[in-house]
Peer 1: 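My structure is below; once you've seen it, I'll send some questions.
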Amino acid sequence: QVQLVESGGGLVQAGGSLRLSCAGSGRTFNNYILGWFRQAPGKEREFVAGISRSGGNTYYADSVKGRFTISRDNAKNTVDLQMNSLESEDAAVYYCGADSAVIFRKMAATWDYWGQGTQVTVSS
């Protein structure tokens, strides 16, 4: 079992920045691929960014490439998402996830563990 707790959401103006953090506990953190997903009202949960077990490989949705950066610290059991140049379309509840799969997968339904989510609101 892995427990994930997100923090760092809030209200930001368009063009601004936020940094989300996810703290993990339970089973060995570096056994899992980690990622961030988001879900806006009336929409399905969508992939945002992912990072391999070692942190050596990162993956991004096309909509956030060049603006968001994912990182992890296995010693601290944390995974962060730095979000820059935020747009109104980025507003959503952001979820931290952990996946035990061998290879990276973008489908939220296949991931094993989730945090409770943190709200990101972008004002124009």
Side-chain angles (χ1 to χ4, degrees):
Q1 188 77 10
V2 174
Q3 292 79 41
L4 302 170
V5 179
E6 302 96 335
S7 61
L11 173 64
V12 63
Q13 286 190 330
S17 298
L18 274 178
R19 188 176 184 89
L20 306 183
S21 186
C22 176
S25 61
R27 292 187 176 180
T28 307
F29 206 57
N30 59 7
N31 284 347
Y32 295 89
I33 292 169
L34 302 174
W36 289 92
F37 289 70
R38 65 189 181 189
Q39 189 166 15
K43 295 187 177 181
E44 293 187 351
R45 191 170 298 190
E46 65 173 2
F47 166 71
V48 175
I51 190 165
S52 63
R53 289 170 173 81
S54 68
N57 293 301
T58 55
Y59 313 89
Y60 296 96
D62 288 343
S63 60
V64 306
K65 279 181 183 176
R67 300 188 298 122
F68 291 11
T69 303
I70 189 170
S71 60
R72 68 188 291 170
D73 186 334
N74 288 335
K76 296 181 179 179
N77 282 5
T78 58
V79 56
D80 292 347
L81 185 68
Q82 177 66 42
M83 306 187 294
N84 298 329
S85 302
L86 283 160
E87 304 168 354
S88 57
E89 293 78 13
D90 296 318
V93 177
Y94 281 70
Y95 296 90
C96 172
D99 191 8
S100 60
V102 174
I103 59 173
F104 181 75
R105 304 178 293 186
K106 291 185 178 180
M107 291 181 60
T110 62
W111 283 53
D112 298 303
Y113 301 105
W114 296 100
Q116 82 289 349
T118 186
Q119 178 72 51
V120 172
T121 304
V122 182
S123 64
S124 55

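Only this structure's heavy atoms are used, side chains among them; waters, hydrogens and symmetry mates stay out. Treat the numbers as computed from the prediction; the structure is a model and nothing was measured.
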Peer 1: Mind jotting down which residue pairs meet the disulfide bond (SG atoms under 2.5 Å apart) criterion with at least one end in residues 93-124? Sequence neighbours excluded, please.
Peer 2: Cys22-Cys96

Peer 1: With sequence neighbours left out, write down each residue that passes salt bridge (Lys or Arg N to Asp or Glu O under 4.0 Å) with Glu89, or none if nothing qualifies.
Peer 2: none

Peer 1: Check Ala91 against Ala40 and note the closest heavy-atom contact, atom names and distance.
Peer 2: O-CB, 4.0 Å

Peer 1: Sequence neighbours left out, what passes salt bridge (Lys or Arg N to Asp or Glu O under 4.0 Å) with Asp99? Give chain and number order.
Peer 2: Arg105

Peer 1: Could you tell me which residues satisfy salt bridge (Lys or Arg N to Asp or Glu O under 4.0 Å) with Arg72, sequence neighbours excluded, listed by chain and number?
Peer 2: none

Peer 1: Answer yes if Leu4 and Phe47 sit in the same cluster of Ile, Leu, Val, Met, Phe, Trp and Tyr residues linked by side chain heavy atoms under 4.5 Å apart, and no otherwise.
Peer 2: no

Peer 1: Tell me, please, which residues at least two apart from Lys65 pass salt bridge (Lys or Arg N to Asp or Glu O under 4.0 Å).
Peer 2: Asp62

Peer 1: Is a donor on one side and an acceptor on the other found under 3.5 Å between the side chain of Glu6 and the backbone of Gln116?
Peer 2: yes

Peer 1: Flag yes if Ile51 and Val64 sit in one hydrophobic cluster, no otherwise; membership is Ile, Leu, Val, Met, Phe, Trp, Tyr, and two members link when side-chain heavy atoms are under 4.5 Å apart.
Peer 2: yes

Peer 1: Going only through I, L, V, M, F, W and Y residues with side-chain contacts under 4.5 Å, is there a path from Ile70 to Phe37?
Peer 2: no

Peer 1: Tell me which pairs pass salt bridge (charged side-chain N to carboxylate O under 4.0 Å, His left out) where either residue lies in residues 41-54, with sequence neighbours left out.
Peer 2: Arg38-Glu46

Peer 1: Tell me, which pairs form a ring-ring contact (aromatic ring centres under 6.0 Å, His included) where one or both residues lie in residues 50-75, sequence neighbours left out?
Peer 2: Tyr59-Phe104

Peer 1: So, for Phe29 and Thr78, which heavy atoms are closest and what is the spacing to 0.1 Å?
Peer 2: CE2-N, 3.5 Å

Peer 1: Taking all heavy atoms of Asn84 and all of Ser17, pick out the closest pair and write down the distance.
Peer 2: OD1-OG, 2.9 Å

Peer 1: Flag yes if Tyr95 and Leu18 sit in one hydrophobic cluster, no otherwise; membership is Ile, Leu, Val, Met, Phe, Trp, Tyr, and two members link when side-chain heavy atoms are under 4.5 Å apart.
Peer 2: no

Peer 1: Can you see which heavy atom on Leu81 is nearest to which on Ala49, and at what distance?
Peer 2: CD1-CB, 4.0 Å

Peer 1: Which pairs count as disulfide bond (SG atoms under 2.5 Å apart) when at least one residue sits in residues 35-66, sequence neighbours excluded?
Peer 2: none

Peer 1: Check the hydrophobic clustering (I, L, V, M, F, W, Y; side-chain heavy atoms under 4.5 Å; chains of links allowed) and say if Trp36 and Met83 are grouped together.
Peer 2: yes

Peer 1: State which residues pass ring pair (Phe, Tyr, Trp, His ring centres under 6.0 Å) with Tyr94; sequence neighbours excluded, sorted by chain then number.
Peer 2: none

Peer 1: Using a 4.5 Å cut-off between side-chain heavy atoms of Ile, Leu, Val, Met, Phe, Trp and Tyr, which other residues end up in the same hydrophobic cluster as Met107?
Peer 2: none

Peer 1: Share the residues that join Leu11 in a hydrophobic cluster, the rule being Ile, Leu, Val, Met, Phe, Trp or Tyr side chains under 4.5 Å apart at the heavy-atom level.
Peer 2: none

Peer 1: Excluding sequence neighbours, so at least two apart, what forms side chain to side chain contact (heavy atoms under 4.5 Å, CB included) with Ser71?
Peer 2: Arg19, Asp80

Peer 1: Is the closest side-chain heavy-atom distance between Val120 and Leu20 below 4.5 Å?
Peer 2: yes

